[in-house]
Trainee: 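Below is one structure. I have some questions about it.
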Amino acid sequence: MSYNFNEIEAKWQKYWSENQTFRASNSSDKPKYYVLDMFPYPSGAGLHVGHPLGYIASDIYARYKRHTGFNVLHPQGYDSFGLPAEQYAIQTGQHPALTTAKNIKRYREQLDKIGFSFDWSREVRTSDPEYYKWTQWIFIQLFESWYDLEAEKSRAISELEEVFASEGNSRVNAACDDDVEEFSADSWNNFSSEEKQRILLKYRLTYLAETEVNWCPQLGTVLANDEIVNGVSERGGYPVVRKKMTQWSMRISAFSERLLQGLDQLDWTESLKESQRNWIGKSVGAMVHFNLYGETLKKVKDDGSLSEHQKRISVFTTRPDTIFGVSFMTLAPEHDLVKKITTPQQKEEVQAYVAASAKRSERERMADVKSITGVFTGAYAEHPFTKEPVPIWIGDYVLAGYGTGAVMAVPCGDQRDYDFAKHFEIPIPNIFENADISEAAFPGKEGTVIANSDFLSGLEYKEALQKVILELEKTGHGYGKTNYRLRDAVFSRQRYWGEPFPVYYVNGMPQMIDAQHLPLRLPEVEKYLPTETGEPPLGNATNWAWDTKANEVVSNKEIDDKTVFPLELNTMPGWAGSSWYLFRYMDAGNEQEFVSKEAQKYWENVDLYIGGSEHATGHLLYSRFWTKFLHDRGQLSVEEPFKKLINQGMILGQSAFVYRLEGENVLVSKNLLGKNEVQPIHVDVSLVNHSDELDIEGFKKWRPEFKDAKFLTEKDGSYIVGREVEKMSKSKYNVVNPDDICEDYGADTLRMYEMFLGPLEQAKPWNTAGITGVHNFLKKLWKLYHNGEEFEVSEEKASADSLKSLHKTIKKVTEDIEEFSFNTSVSTFMICVNELSAQKCNSREVLEPLAVLIAPYAPHIAEELWSKLGNSESVVNAEYPVYEEKYLVESIKNYPISFNGKMRFTMELPLDMQKDEIEKTVMADERTQKQLDGRTPKKVIVVPGKIVNIVG
RNA sequence: GCUCGAGUGGCGGAACUGGUAGACGCGCUGGAUUCAAAAUCCAGUAACUUCGGUUGUGCGGGUUCGAUUCCCGCCUCGAGCACCA
């Protein structure tokens with residue numbers, strides 16, 4: 001019987017599904033293991049061969065863990081809210097729920113064909129109200145929490161209210177908005193309830209605030225920082241502008257230090273951790289206050305609109321030790337003080353500069369790093385130690401969004417300050433011992449000795465740093481401070497297809513819908529575009545008001561602002577649902593809780609997470625944040641979501657090209673190009689065979705505009721296409737569909753070939769031509785168990801050679817799986833089958849364990865062989881074979897004999913032969929004498945069991 | 001500019017803590033089988049070579065009996081961050 005993979009694979013896929021083979025139980029005596037793939041977005045284009053790479057790797061590992069006695073959780077589901085379905089809805093009017101359902105169906109069919117061991121009984125979809133009910137619930141928990149910086153922990157907002165009522169806010173060390181005013185217990189108790197709500201909003205972990213956001217007009221929504229790449233939107237590449245809008249934000253910045261520290265405990269790649277460290281951007285330094293000087297101070301003092309601490313300029317610096325090198329200050333053009341301090345003489349120039357830089361987009365500002373621009377304000381600040389006046393400039397090299405939006409400029413130590421000073425002819429005092437600053441600034445830290453700096457002179461960097469901070473604190477001119485680049489995350493999207501906020505507004509103040517009334521379902525709308533008045537698509541809904549008496553959604557007409565109030569019109573961003581989904585899988589059907597305490601305690605968190613590196617600073621940071629938050633509030637026993645994480649490399653496509661002569665309807669075969677000016681045109685790879693020959697007729701049919709084109713072909717009449725490795729994408733016509741591979745070669749071949757391509761983490765090109773090697777291997781494997789058409793295994797004892805082949809393979813494959821080196825284990829299987837074939841081994845003693853060994857990689861053929869071997873239970877729970885040393889013991893070693901480090905010949909010697917004995921035997925060999933050619937060796941190095949090297 | 005990866009045959013890649021460079025597979029060449037093709041099987045396949053050898057893991061040095069592996073200095077490619085004070 002030949003290897004009929006189509007039949008075998010269909011049979012076992014049906015068996016697994018009918019028997020719920022991969023259903024995981026929440027109670028087991030076995031140790032648990034949780035394997036998770038990154039949440040897929042079910043796109044309309046379906047899967048190409050690059051998508052399943054990570055799924056196959058995680059599936060092999062999950063199956064392996066099951067064989068070795070673990071209770072494995074390996075779920076799958078869909079991150080099904082998102083932009084593409086909504087863009088499609090805008091174009092076609094079709095409800096995104098319909099397109100999404102259709103795409104999911106297709107996705108599932110494709111996944112099923114590859115034979116994954118997913119527990120589909122736990123499937124979740126973020127767009128399912130039974131799921132987003134809990135996303136909304138978590139949002140409410142965030143709203144009801146604040147961050148205690150003292151305890152480094154999220155706490156209930158009610159506890160904060162108690163503190164306010166008993167002692168005011170002066171001693172509260174909380175993560176909050178910058179503009180919180182101090183108040184006493186008395187004033188708190190006298191505040192109106194509305195005033196109290198307004199203040200509490202400044203402390204909540206999710207809060208409503210007018211912030212400068214990244215607005216993308218083409219997408220009609222705001223974007224988070226991680227959704228912008230090089231100043232344009234990641235999706236679509238549209239321009240992004242800065243705009244002030246009232247938005248929901250998440251106070252993730254409160255967690256900066258913990259998000260940073262937590263990385264050390266994680267088994268993630270260094271590069272991924274590095275990305276997160278960069279993103280969090282910790283810098284240690286000091287806050288320094290510069291009082292305003294003379295006339296400037298007088299001018300500002302008269303301005304009643306400023307609070308006391310606004311009447312000075314605060315800067316953040318990592319080098320407070322260089323404070324005596326300050327020769328000017330620079331404010332961001334957007335800085336609040338700019339207007340207040342500018343002198344009348346400078347007013348015109350400053351206003352023009354501010355206006356010009358406001359017009360420049362973020363992108364322009366980033367692109368244009370070289371040109372130095374700035375204006376003097378005419379104002380002066382007072383140096384905190386020398387009391388000398390320091391001129392205040394504005395310049396757009398200072399970012400409004402980082403630190404305080406102002407810097408103390410130390411041109412001798414910072415290149416940007418240096419360039420600015422040179423350009424505007426500002427003095428550059430040198431405060432470093434033995435530093436040459438005639439050409440460039442001197443940015444050195446360790447070992448640098450400070451000079452010309454009063455009480456800091458003669459001190460080394462570290463000592464100076466400590467001393468100056470002490471002095472700043474003593475004189476009230478500043479304090480030591482750590483700054484983070486991580487900004488709070490904007491949480492609102494002006495889109496339809498996302499989770500509705502469980503929020504209604506009373507007098508403009510947000511109120512939470514009581515959790516027991518969730519989910520708040522997405523309303524039906526006529527169209528998915530923003531309203532004519534510029535409100536988000538939910539503004540089109542006619543039933544979108546909250547009745548606080550009936551606790552239900554009612555018609556907008558009933559809004560009376562007494563018992564019926566308007567609902568929030570924004571929806572949540574994509575990362576809301578994906579920040580906690582890993583926990584939902586633990587207890588997917590639970591209607592009482594987002595996950596039960598028992599289920600979560602049992603599964604803890606994800607042991608192995610596999611997915612793409614594009615989520616480094618988005619999803620992976622946000623889900624760490626939510627996990628820490630839910631842990632703080634007693635909802636989770638763990639503080640991190642993903643213990644081990646592997647980024648699979650991208651599978652690239654091999655695009656094919658035809659070449660058109662410039663301006664002519666003539667296509668030239670690749671080898672005839674010569675020096676002609678040609679224009680390469682993508683060809684669908686399905687029109688090209690393994691020898692790169694184009695199906696000319698097929699091509700003409702595909703692109704009718706070339707039906708009359710002239711083809712300059714090779715001598716044999718073939719047209720050879722050019723090849724190039726590019727990202728796999730529809731637009732490049734280089735997509736290979738896994739369905740076709742499964743149809744032609746089978747899922748087992750696909751699985752093994754994807755692994756065989758190379759190391760999991762590495763990017764590598766797909767080449768369908770190479771798949772025959774793996775397919776032949778499976779055929780050879782099949783043959784081992786068959787004699788001609790008949791299944792036949794022998795009950796006789798296997799030969800020593802065969803047992804050695806088997807155990808060598810067990811050892812190597814087990815090591816490889818543990819190290820996620822799947823490509824080398826496929827090679828190992830090939831070697832094993834080649835050896836067993838040569839040995840004509842068909843002994844059950846070898847073939848039965850081999851079937852289990854290969855089951856994680858090629859599960860269908862393994863099941864079939866396993867059942868033919870007479871087993872009635874599925875192979876998935878069969879015990880994994882254990883390697884036994886005794887089969888591998890060697891008595892002879894084929895020693896390489898090297899001369900001056902170069903191997904010349906080999907010699908078989910007993911492994912127990914002693915060093916001097918080996919030397920004698922080797923030296924006595926005639927080949928040795930021939931190599932030496934009469935010379936006497938200086939030295940003979942013998943490493944028993946390894947090598948012999950003769951020097952001289 | 002900074003950080004992190006990576007450079008090995010025609011191609012994908014292998015080589016565990018320094019010890020036979022190129023495993024395994026693709027492709028290619030030759031052969032068997034076949035009326036023929038596909039499929040299958042066998043042999044060969046780093047380069048150069050006067051067939052003795054010589055050179056070879058991005059480049060230049062170093063350590064070592066011995067380096068793809070360790071150290072120093074460069075080059076190239078990829079990824080991330082990027083006026084972050």
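Residue numbers begin at 1 in each chain, while the letters A, B, ... track the order of the sequences. These figures come from a predicted structure and were not determined experimentally.
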Trainee: Centre-to-centre under 6.0 Å for A:Phe328 and A:Phe420, is that the case here?
Mentor: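 A:Phe328 vs A:Phe420: aromatic centres under 6.0 Å.
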
Trainee: Rounded to whole angstroms, how far apart are CH2 on A:Trp766 and P on B:G12?
Mentor: 16 Å

Trainee: Please state the C1' separation for the pair B:A23 and B:A14 - nearest whole angstrom.
Mentor: 5 Å

Trainee: Main chain of A:Ile651, side chain of A:Lys727: is a donor-acceptor contact present, judged purely on distance under 3.5 Å?
Mentor: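 Looks like no, no N/O pair under 3.5 Å.
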
Trainee: Charged N to carboxylate O under 4.0 angstrom, A:Arg277 versus A:Asp264?
Mentor: yes

Trainee: C1' atom, B:C48 versus B:G56: distance in rounded Å?
Mentor: 10 Å

Trainee: For the ring pair A:His383 and A:Phe324, is the centre-to-centre distance below 6.0 Å?
Mentor: yes

Trainee: Between B:U69 and B:G18, how far is it from one P atom to the other, in whole Å?
Mentor: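 Rounded to whole Å, the distance is 11 Å.
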
Trainee: Mind telling me if B:G52 is syn or anti? Syn here is a glycosidic angle within 90° of 0.
Mentor: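 Syn, which is what one calls it when the glycosidic angle falls within 90° of 0.
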
Trainee: State whether A:Lys804 and A:Glu835 are salt-bridged, where the test is any N-O pair (Lys NZ or Arg NE/NH1/NH2 against Asp/Glu carboxylate O) under 4.0 Å.
Mentor: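 Not counted as a salt bridge, because no side-chain N and carboxylate O are separated by less than 4.0 Å.
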
Trainee: What is the nucleic acid contact for A:Arg487, judged by heavy atoms within less than 4.0 Å: base, sugar-phosphate only, or nothing?
Mentor: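 A:Arg487: no heavy atom of the nucleic acid under 4.0 Å.
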
Trainee: Taking the P atom in each of B:U49 and B:U54, what is the distance between them to the nearest angstrom?
Mentor: 16 Å

Trainee: Under 4.0 Å between any heavy atoms, over every strand shown, what does A:Gln762 touch: base, sugar-phosphate, or nothing? Just pick one.
Mentor: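 Answer is sugar-phosphate: A:Gln762 comes under 4.0 Å of backbone atoms only.
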
Trainee: Any base atoms under 4.0 Å from A:Val951, or only sugar-phosphate, or nothing? Heavy atoms, all strands.
Mentor: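 Since only primed, P, OP1 and OP2 atoms lie under 4.0 Å of A:Val951, the category is sugar-phosphate.
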
Trainee: Which letter, B, S or -, goes with each nucleotide of nucleotides 16-28 of chain B from 5' to 3', with contact meaning a protein heavy atom under 4.0 Å?
Mentor: ---BB--BBSS--

Trainee: Mind telling me whether B:G9 is syn or anti, cutoff 90° either side of 0?
Mentor: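 B:G9: syn.
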
Trainee: With C1' as the reference atom in both, quote the distance from B:A67 to B:U8 in angstrom, rounded to an integer.
Mentor: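 B:A67 and B:U8 have their C1' atoms separated by 14 Å.
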
Trainee: For nucleotides B:G22 and B:U45, find the distance between their P atoms and express it as a whole number of Å.
Mentor: 11 Å

Trainee: With P as the reference atom in both, quote the distance from B:U29 to B:G80 in angstrom, rounded to an integer.
Mentor: 41 Å

Trainee: Nearest heavy atom decides the nucleotide; on that basis, is A:Ser271 or A:Gln654 closer to the 5' end of RNA chain B?
Mentor: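 Nearer the 5' end of the strand: A:Ser271.
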
Trainee: Can you list, pair by pair, the side-chain donor-acceptor contacts under 3.5 Å of residues 757-764 of chain A, counting residues two or more places apart and other chains?
Mentor:
residue, atom, partner, partner atom, Å
A:Lys764, NZ, A:Pro759, O, 2.6
A:Lys764, NZ, A:Leu760, O, 3.4
A:Lys764, NZ, A:Gln762, O, 3.0

Trainee: Does a side-chain N-to-carboxylate-O contact under 4.0 Å join A:Asp816 and A:Lys812?
Mentor: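 A salt bridge links A:Asp816 with A:Lys812.
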
Trainee: For A:Asp417 and A:Glu274, take the nucleotide of RNA chain B holding the closest heavy atom to each; which residue's nucleotide lies nearer the 5' end?
Mentor: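 On the 5' side of the pair lies A:Glu274.
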
